[in-house]
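The block underneath contains the structure these notes are about, expressed in structure tokens.
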Amino acid sequence: MKKHAIIPVFIPHRGCPNDCVFCNQKTITARQADVRPEDVKNIIETWLPTIENRGIETIEVAFFGGSFTGLPLKEQSEFLSVAKEYKDAGLIHKIHLSTRPDYIDGNILDNLKTFGTDVIELGVQSFDDKVLAASNRGHTSADVYRACDAIKEYNFELGIQLMIGLPEDSPETCLFSAEETIKIGPSIARLYPTVVLRDTELYRRYEAGSYSPLSTEQAVKITKEMYKLLRDAGINIIRMGLKSTDLIAEGGEIRGHTFHPAFRQLVEGEIAREQLEAQLIRLLENARKPLDSPGKPGVLPFANAEGADPLSITFLSSPNSFSNMVGNAKANKLYFAEKYPQVKIRYKTDSSLADGYYRVVEF
């Protein structure tokens with residue numbers, strides 16, 4: 001059962017005069033009309049009946065889409081005061097917002113604390129200054145470190161958003177960003193492969209041939225390594241890849257191949273495959289049996305040796321991770337069937353396993 005629900009309030013491209021090369025917030029949020037403080041109550045009232053009485057432990061109102069703390073302080077207060085009414089009444093549990101690292105200072109944080117804000121996500125995107133400059137972010141890594149320190153000093157819950165495949169990016173700079181994130185120690189993170197959206201500077205560079213987006217395979221490979229680092233450091237990765245808004249799903253707003261509606265499953269499926277195959281290889285090596293005839297090397301029972309029976313294996317996952325074990329569009333099942341044709345593999349769940357971890361046993 002889902003334990004966490006977010007009521008999203010989208011404020012597209014408000015509070016941010018900067019034009020990052022990848023940004024078209026009205027496309028990302030699929031909303032053209034501005035949201036005013038008076039609309040927040042209607043949004044919350046629309047969502048609450050769909051959430052209540054479903055055993056959900058934490059309900060958040062989250063201000064997304066723009067750089068919330070770039071709004072005038074009075075307008076921030078007007079938005080937050082509506083959410084605080086619901087929090088004070090016990091109808092929601094947290095107030096959550098996203099913003100830029102250079103839109104954080106003591107006055108802003110004091111005001112957010114006054115209105116009961118709990119979670120601040122920073123659109124960091126990269127810790128590499130060359131990448132930030134090439135992406136026209138308008139801030140440096142020094143701004144990121146300063147903002148993160150201030151947010152943690154005020155005891156807000158910190159989130160960090162990173163992008164993969166920006167101009168001047170590389171696997172090394174992406175992993176560096178993940179490692180720096182671990183040093184800072186946010187509680188949550190998001191990983192976004194760069195998507196080329198129409199009406200952006202990145203789109204124009206793509207059309208001119210001066211920017212090449214990552215392929216899906218490249219994006220999955222890099223994100224997978226970042227994911228493993230963050231996960232192993234205890235950071236909760238709450239999203240990977242953009243959501244399938246109507247505009248993106250129609251294909252009229254994107255170029256390149258980094259967008260995939262099930263990007264998270266692609267990444268987690270690759271991680272599942274790695275774990276499963278490593279265990280399978282060890283098990284097969286342990287099953288090596290020498291032939292009786294002297295002078296002949298041992299053979300693996302799955303290697304078509306005369307008289308050898310196929311090895312029967314079970315792949316196990318938690319119920320929540322079963323789809324990742326099988327893979328998106330059954331990619332992992334197809335992979336193992338093709339690569340290990342003499343191994344009989346069945347796929348089962350084991351509730352004793354933690355989500356995201358897998359076990360291989362012989363049966």
Side-chain angles (χ1 to χ4, degrees), residues 3-6 8 16 20 57-70 80 93-106 108-113 116-129 131-132 135 137 139-166 169 173-194 222-243 263-264 267-268 271 355-356:
K3 296 182 179 180
H4 185 199
I6 288 179
C16 182
C20 302
E57 297 175 1
T58 305
I59 301 174
E60 296 185 5
V61 168
F63 295 97
F64 291 141
S67 295
F68 185 85
T69 60
L80 292 168
H93 306 100
K94 290 185 177 183
I95 300 172
H96 185 142
L97 60 87
S98 61
T99 192
R100 291 169 53 93
D102 49 342
Y103 288 177
I104 292 291
D105 60 30
I108 288 170
L109 294 175
D110 285 335
N111 193 58
L112 296 180
K113 186 66 73 172
T117 302
D118 300 280
V119 185
I120 302 175
E121 283 193 59
L122 292 181
V124 172
Q125 319 315 0
S126 177
F127 282 83
D128 186 278
D129 283 319
V131 174
L132 293 174
S135 302
R137 279 296 290 166
H139 67 77
T140 67
S141 60
D143 295 310
V144 175
Y145 294 115
R146 177 191 57 78
C148 290
D149 286 344
I151 289 168
K152 295 188 77 174
E153 284 174 8
Y154 273 75
N155 293 317
F156 290 104
E157 185 177 347
L158 173 64
I160 287 180
Q161 301 170 6
L162 298 176
M163 294 182 67
I164 297 98
L166 289 167
D169 226 341
T173 56
C174 288
L175 291 176
F176 171 74
S177 292
E179 290 162 352
E180 292 302 291
T181 297
I182 291 168
K183 292 176 184 177
I184 290 170
S187 58
I188 58 176
R190 299 177 192 254
L191 301 176
Y192 292 121
T194 302
I222 297 170
T223 306
K224 175 185 67 175
E225 297 307 319
M226 297 172 72
Y227 177 100
K228 290 191 293 186
L229 288 172
L230 297 173
R231 179 200 62 190
D232 292 348
I235 298 169
N236 181 19
I237 302 160
I238 61 175
R239 177 132 202 109
M240 286 189 284
L242 288 173
K243 290 186 177 180
F263 187 80
R264 186 181 190 112
V267 172
E268 293 182 335
I271 292 171
D355 293 346

query: Checking side-chain contact (heavy atoms from CB on, under 4.5 Å) for the pair Phe63/Thr117: CA distance, chi angles, key distance, verdict?
result: CA-CA 11 Å; Phe63 295 97; Thr117 302; over 6 Å; no
Measure the [atom1]-[atom2] distance between [X] and [Y] for me, rounded to the nearest 0.5 Å.
X      : Y      : atom1 : atom2 : value
Met163 : Gln125 : CE    : CD    : 5.5 Å
Ile188 : Leu158 : CD1   : CG    : 8.0 Å
Ile182 : Leu229 : CD1   : CG    : 5.0 Å
Ile164 : Glu225 : CD1   : CD    : 12.0 Å
Leu162 : Thr181 : CG    : OG1   : 4.0 Å
Met226 : Phe176 : CE    : CZ    : 11.5 Å

- prompt: Do the ring planes of Phe127 and Tyr145 sit parallel (below 30°), tilted (30 to 60°) or perpendicular (above 60°)?
  reply: tilted
- prompt: Have Asp129 and Ser141 got a donor and an acceptor in their side chains that come within less than 3.5 Å?
  reply: yes
What are the two closest non-hydrogen atoms of [X] and [Y], and how far apart are they?
X      : Y      : result
Arg231 : Gly356 : NH1-O, 4.1 Å
Leu122 : Ala147 : CD1-CB, 3.8 Å
Cys174 : Gly165 : SG-N, 4.2 Å
Lys224 : Val267 : CA-CG1, 3.7 Å
Gly185 : Lys152 : O-NZ, 3.4 Å

- prompt: Does the pair Leu166 and Arg137 meet the rule for a side-chain contact (heavy atoms from CB on, under 4.5 Å), with working shown?
  reply: CA-CA 11 Å; Leu166 289 167; Arg137 279 296 290 166; over 6 Å; no
Leu112 vs Leu97 side-chain heavy atoms within contact, under 4.5 Å: yes
query: Are Ser126 and Ser177 close enough that some pair of their side-chain heavy atoms sits under 4.5 Å apart?
result: yes
message: As a test of understanding, state which of Val144, Ile151, Ile160 forms a side-chain contact (heavy atoms from CB on, under 4.5 Å) with Pro101.
response: Val144
message: With side-chain contact (heavy atoms from CB on, under 4.5 Å) as the test, pick out the partner of Asp118 among Val61, Thr58, Ile95.
response: Ile95
[Y] backbone acceptor or donor facing [X] side chain under 3.5 Å:
X      : Y      : answer
Arg239 : Tyr192 : no
Ser135 : Val131 : yes
Asp143 : Thr140 : yes
Lys228 : Ile271 : no

- prompt: Checking Arg100 against Tyr103: charged group under 6.0 Å from the ring centre and within 45 degrees of the axis?
  reply: yes
Intermediate values then yes/no, side-chain contact (heavy atoms from CB on, under 4.5 Å), Ile222 and Asp169: CA-CA 11 Å; Ile222 297 170; Asp169 226 341; over 6 Å; no
task: Test side-chain contact (heavy atoms from CB on, under 4.5 Å) on Tyr154 and Ile120 and set out the steps.
output: CA-CA 11 Å; Tyr154 273 75; Ile120 302 175; over 6 Å; no
